[in-house]
J.: 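Sharing a structure below in structure tokens format, with a few things to ask.
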Amino acid sequence: MIHPAMRAYQNVAGYSLTDRQADATCFRLLIEELETASASSDPSVRLKALTKNQRLWSMIMKANSLDAGATNYEDRELFVRLASQAQRYGIRAILDTNLSLAPLVGIAETVLEGLETSAGSGQEFDTDAML
């Protein structure tokens with residue numbers, strides 16, 4: 001007989017996200033928010049989406065600037081360069097409310113595609129199944 005605490009742990013562990021799945025989920029949510037902001041005429045919706053864009057890319061830049069040995073130098077350099085470009089464009093989009101958010105969506109979609117295609121299992125994680 002399995003102890004109830006162990007059964008609860010096994011149930012939760014079955015739905016745990018890998019690092020790559022968590023990253024992909026973050027990018028899916030960012031894309032959704034940027035697309036919503038693009039379609040909205042409310043400046044606060046746009047600013048909220050751009051703020052999240054800046055925070056996500058800032059975390060990516062910080063994580064890849066520190067050498068933890070988990071990712072090779074060339075990949076880290078690429079991630080930092082992408083983060084820098086996304087943040088610079090994000091700042092321009094904050095200052096110029098007429099600037100399209102499509103380039104930010106495009107960068108996020110490209111990263112998401114890379115996360116999904118290079119996943120070990122090759123399967124997309126369904127966050128709806130967790131709920």
Side-chain angles (χ1 to χ4, degrees):
M1 172 130 201
I2 297 177
H3 189 275
M6 181 57 82
R7 183 170 311 157
Y9 171 79
Q10 289 172 340
N11 287 339
V12 171
Y15 288 111
S16 295
L17 297 173
T18 65
D19 289 343
R20 186 170 298 280
Q21 290 167 335
D23 291 345
T25 298
C26 287
F27 277 99
R28 271 190 221 98
L29 293 171
L30 178 63
I31 291 165
E32 183 178 310
E33 191 143 357
L34 288 169
E35 288 174 340
T36 298
S38 291
S40 175
S41 60
D42 184 352
S44 66
V45 172
R46 179 182 172 97
L47 184 58
K48 182 180 173 188
L50 288 168
T51 299
K52 286 189 179 180
N53 177 75
Q54 296 300 94
R55 286 183 181 154
L56 176 63
W57 286 109
S58 178
M59 288 187 299
I60 291 169
M61 184 177 283
K62 182 178 180 181
N64 285 284
S65 295
L66 305 173
D67 184 10
T71 307
N72 68 46
Y73 178 80
E74 292 79 19
D75 288 345
R76 288 191 357 247
E77 186 177 47
L78 174 64
F79 297 145
V80 168
R81 197 169 337 127
L82 274 174
S84 176
Q85 291 173 350
Q87 285 187 303
R88 282 186 295 178
Y89 191 88
I91 291 168
R92 288 180 46 215
I94 289 170
L95 297 173
D96 181 357
T97 57
N98 295 318
L99 198 60
S100 172
L101 300 183
L104 294 175
V105 172
I107 290 173
E109 287 175 337
T110 300
V111 172
L112 176 60
E113 183 180 318
L115 288 167
E116 291 176 342
T117 58
S118 64
S121 66
Q123 296 178 344
E124 184 177 322
F125 186 77
D126 183 12
T127 54
D128 292 334
M130 293 176 60
L131 303 175

J.: Quick one: list whatever passes side-chain hydrogen bond (donor to acceptor under 3.5 Å, both in side chains) with Ser41, sequence neighbours left out.
T.: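 Scan of Ser41 (side-chain hydrogen bond (donor to acceptor under 3.5 Å, both in side chains), adjacent residues dropped) gives none.
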J.: Does atom CD (Gln85) have a neighbourhood of more than 12 heavy atoms from anything else shown, all under 6.0 Å?
T.: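 Yes - once you tally the heavy atoms of other residues, nucleotides and ligands closer than 6.0 Å, there are more than 12.
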J.: Which heavy atom of Glu116 sits nearest to which heavy atom of Arg28, and what is that distance?
T.: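 Minimum heavy-atom contact is OE2-NH2, 2.9 Å.
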J.: Measure across Asn64 and Arg76 and return the closest heavy-atom pair with its distance rounded to 0.1 Å.
T.: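 Minimum heavy-atom separation between Asn64 and Arg76: O-NE, 3.0 Å.
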J.: Are Leu104 and Leu29 grouped together when hydrophobic residues (ILVMFWY) are joined by side-chain heavy atoms under 4.5 angstrom apart?
T.: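 They do not share one cluster, since no chain of ILVMFWY contacts under 4.5 Å joins Leu104 to Leu29.
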J.: Side-chain heavy atoms nearer than 4.5 Å, only ILVMFWY residues, links allowed to pass through others: does that put Val45 and Leu50 together?
T.: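 No.
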J.: Which residues pass the side-chain hydrogen bond (donor to acceptor under 3.5 Å, both in side chains) test with Asp42, not counting sequence neighbours?
T.: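 Testing Asp42 for side-chain hydrogen bond (donor to acceptor under 3.5 Å, both in side chains), a comparison that skips the adjacent residues, returns Ser44.
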J.: Which atoms form the tightest heavy-atom contact between Leu101 and Ser38, and what is the distance?
T.: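 Closest pair (atom of Leu101, atom of Ser38, distance): CB-OG, 3.3 Å.
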J.: By side-chain contact (heavy atoms from CB on, under 4.5 Å), which residues pair with Leu99, not counting sequence neighbours?
T.: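 Only Arg46, Tyr89, Arg92, Ala93, Asp96 meet the side-chain contact (heavy atoms from CB on, under 4.5 Å) criterion with Leu99.
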J.: Given 3.5 Å as the limit, does a donor-acceptor pair link the side chain of Ser84 with the main chain of Val80, or not?
T.: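 Side chain of Ser84 to backbone of Val80, a donor-acceptor pair under 3.5 Å: no, none is there.
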J.: Is there any side chain to side chain donor-acceptor pair (under 3.5 Å) pair reaching into residues 101-113, and which pairs are they, with sequence neighbours excluded?
T.: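 For residues 101-113: none.
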J.: Going by side-chain hydrogen bond (donor to acceptor under 3.5 Å, both in side chains), name the residues that satisfy it together with Glu33, two or more places apart in sequence or in a different chain.
T.: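 By the side-chain hydrogen bond (donor to acceptor under 3.5 Å, both in side chains) rule, Glu33 matches Lys52.
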J.: For residues 55-62, please give each side-chain donor-acceptor pair under 3.5 Å, one per line with the distance, not counting sequence neighbours.
T.:
from  : atom 1 : to    : atom 2 : distance (Å)
Trp57 : NE1    : Asn53 : OD1    : 3.2

J.: Got a second to check how far Thr25's OG1 is from Leu30's CG, nearest 0.5 Å?
T.: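 Output value for this atom pair is 12.5 Å.
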J.: Please report the interatomic distance CG(Leu78) to CD(Glu74), rounded to the nearest 0.5 Å.
T.: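 It comes to 10.0 Å.
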